[in-house]
Amino acid sequence: MKEQQSPNQNGFNLRAKKQDLQNQTAQNQAEQNQNLQGQNLRQGFAAPATGGASAVGLPKNAAPAVSVPQNGAPTAGVPQNIAPQNAASAAGFLKNGAMPGSGKTFAVAVKPPFAVTGKDVAFALLLLVVNIMGVSLSIWGGFHAGVTLFYGLTFLLLTVYFWQRGQRPGLFALFCGASSLAVSLNFVVSANPAVNFFSLLAIFVLAAVWFAALTNKEHKIGDLAVLRTVFGTVFGNAFGSGGRAVQSICKAGRGKGVLKALVGIACALPFLCVVLPLLVRSDPAFEGMVTALLGDPAALLLKLLLGFGLTVLMLGYAFGLKKEAAPDLSQSTFKGVEGTYFVAFLSVLGLCYLFYLFSQLSYFFKAFGGFLPQGFTAAAYARRGFFEMCFIALLNNLVLFLFVLLVQKKNGRPPVAMRLLSYFIGLFSLFMIAAALAKMALYISRFGTTVLRIGTSAFAVLLAVVTVAVLLRCRLPRVQVLKVFLSTAAVLLCVLGLGNLNGFVAQYNFNAYQTGALKTVDVAALAELGDAGVPYLIALTSDSNEETALLAHNFLADYLAENFETAKSGLSPKRRPAGSFSLVRGKAEKQAKEYIAKTKNAAEHLTTNKAALEKYGWPDDDPEELNNTAYGLEP
């Protein structure tokens, strides 16, 4: 006969069974977590095949993926090179999908490698060769014809790689592709550093639009479509997918060993950049051998290093464009800000401009009449306010464009009051630009032109076109201001570059001096134009004005000393690195050689005229330093 238990004892047993059940559930949950951690270690914490983010955590109903010994240490799903204690530490790091002791879960998003084919491997190898060669031709070639050749090869390689059957890029994309090639020709024709610098920036943006269109990644909707295309495709892919692209290439079945070897060589280059120069300095025999075989070893290593680095970025860019899914190309759902704020802001600005116009109206119209206000010289009149006017017009365009982006629109248009105020401020900007250009034209007619005067005038024209585009955007939603800006900038750069800005300035001033429009010519300014000014310096050496002729001779002597060397046949141009050719330099060196051939003593062309320096009171420097030194009067 069983002994009956009291109610208190029954309650105690129930609580004990409940506690045992909770302990067993916690143990099962811990085992499931350890199973999941072992599986994560085996998969390298990779995300699902879809490339999405996967939370490192286990649902309550998940079944164990791997078996776990009774001691709780994971042995299955752990890489062979991880010791049990290390695996346990790694498992502890991801326990319950959280940092130890934090209690907070997190997500791990790891994109899978790109699917690489034989065509991709061949493309990567060709790209590496083109980049190493292009770095040498462009940077070491002084950013002349080497840049044109480098971009032409890169453009052709990427276009072939991206091209698909039935591809039909839009009109704007075709313009960007063609104009990028045209702008790259500036480096063959132009010798102006500023034009070449802005040409590089334009090529970067124009090419990004062209290649995005080839891969259906071009944003076509919205006022910021061009910026979304450039920044989304270039920076997102080049800097975000470069490592993944190299990893995918190295894991490819075809050429895997060769590519891994190339990666190893690239990693060894920084070390060689330190070791090889030290070895060269340590032994003269080794220095002679390395110089004979490689030329400058430090420069060679730097070229290879830059070529490899550029290839990594461009592979990430190319693979991202070609293989990633298309981004969201729809227009932003931003509804805008109420127009009252912008109307009040523009009202204050318009009132200020209205008072300014009434106070300066007669002063400005004197510029359009071509005569000077009382108490002003042509130089002071042109300089005063020119840059201020252009800067005001630039600020107005930025403000109006920003307000058009942010304001609430009806049928794609800003409110009526804002449009009217925008028209007034836009017309005021156009008036300021026209007055600035008229003042600059007056200045040029009196004193000739310079690169700065032409460059700032071109910028004023660009501002005028953008101002018109902003005003049209207030009325026509389909007008995209940034596309107008990019197209106009590309055209102006082609005009300045292919028209040889430096050569135009030199020719204009020389012809104005010959015809009597200018009483004097600024010989120093001609010399500052570099190769473009050499033909006119040669012509001025026989000028009827003795001072002008002697000054031209001295500047020409300085040019010859810097760019020519004495050879058995006489003076000849110095040898230059590959890629440094330009049409302007070729013309200058040809005319300089013809000029030298007409004289009996070629050595006199390398000597400044010291008697002229003393006669005209130019700087009295050490006579030994007068050779190969250019002196000129202040403009």
Side-chain angles (χ1 to χ4, degrees), residues 170-173 175-176 201-202 204-206 208-209 212-213 217-236 326-353 390-433 459-490 492:
L171 182 62
F172 178 70
F175 170 82
C176 289
L201 296 181
F204 176 82
V205 178
L206 294 169
V209 175
K217 303 291 195 308
E218 180 189 6
H219 292 265
K220 299 181 180 180
I221 303 175
D223 295 286
L224 300 178
V226 174
L227 289 182
R228 295 176 68 190
T229 298
V230 174
F231 287 93
T233 59
V234 176
F235 294 100
D328 182 16
L329 302 180
S330 60
Q331 192 172 4
S332 174
T333 57
F334 177 65
K335 299 300 182 180
V337 181
E338 186 181 352
T340 305
Y341 302 103
F342 305 118
V343 171
F345 183 98
L346 294 178
S347 298
V348 174
L349 197 62
L351 187 62
C352 175
Y353 289 158
C390 291
F391 189 66
I392 290 173
L394 175 63
L395 290 179
N396 289 341
N397 283 333
L398 292 176
V399 168
L400 293 180
F401 181 58
L402 180 63
F403 286 4
V404 168
L405 291 178
L406 297 178
V407 72
Q408 289 181 353
K409 304 176 184 66
K410 185 177 182 180
N411 298 326
R413 301 173 184 174
V416 176
M418 179 178 167
R419 271 186 281 162
L420 293 177
L421 289 170
S422 299
Y423 293 153
F424 171 75
I425 294 175
L427 292 176
F428 173 80
S429 299
L430 290 176
F431 176 78
M432 297 283 282
I433 293 171
F459 178 70
V461 172
L462 176 63
L463 281 179
V465 175
V466 172
T467 302
V468 173
V470 171
L471 295 182
L472 291 176
R473 173 62 185 87
C474 294
R475 178 67 181 175
L476 304 174
R478 296 185 60 182
V479 175
Q480 294 194 12
V481 178
L482 292 181
K483 286 187 176 182
V484 174
F485 169 78
L486 183 59
S487 303
T488 307
L492 288 176

Between atom [atom1] of [X] and atom [atom2] of [Y], what is the distance when rounded to the nearest 0.5 Å?
X	Y	atom1	atom2	value
R413	M418	CZ	CE	14.5 Å
L463	F485	CG	CZ	9.0 Å
L420	L346	CG	CG	11.0 Å
C474	Y423	SG	OH	5.5 Å
L224	Q480	CG	CD	9.5 Å
L421	L351	CG	CG	10.5 Å

Which pair of heavy atoms, one from [X] and one from [Y], lies closest together, and at what distance?
X	Y	answer
A469	V484	CB-CG1, 3.8 Å
L471	S422	CD2-O, 3.3 Å
V209	C176	CG1-SG, 3.8 Å
A212	T233	CB-CG2, 4.1 Å
A490	L206	CB-CD1, 4.0 Å
A213	A173	CB-CB, 3.4 Å

**OP:** Carefully, step by step, assess L171 and F175 under the rule side-chain contact (heavy atoms from CB on, under 4.5 Å).
**Re:** CA-CA 6 Å; L171 182 62; F175 170 82; 5.8 Å; no
Indicate yes or no: at least one non-hydrogen side-chain atom of [X] is less than 4.5 angstrom from one of [Y].
X	Y	answer
L349	N396	yes
N411	P477	no
E218	F172	yes
V337	F403	no
P415	F342	no
L402	L406	yes
F204	V234	yes

**OP:** Under the ring pair (Phe, Tyr, Trp, His ring centres under 6.0 Å) rule, collect the residues that match up with F428, sequence neighbours excluded.
**Re:**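 With sequence neighbours excluded, F428 shows a ring pair (Phe, Tyr, Trp, His ring centres under 6.0 Å) to Y353, given in chain and number order.
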Original post:
When you look at L430 and V468, which way does the side-chain contact (heavy atoms from CB on, under 4.5 Å) test go after all the steps?
Top reply: CA-CA 8 Å; L430 290 176; V468 173; 4.3 Å; yes
Original post:
Can you tell which of L394, T467, V461 makes a side chain to side chain contact (heavy atoms under 4.5 Å, CB included) with I433?
Top reply: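 Only one option passes, and that is T467.
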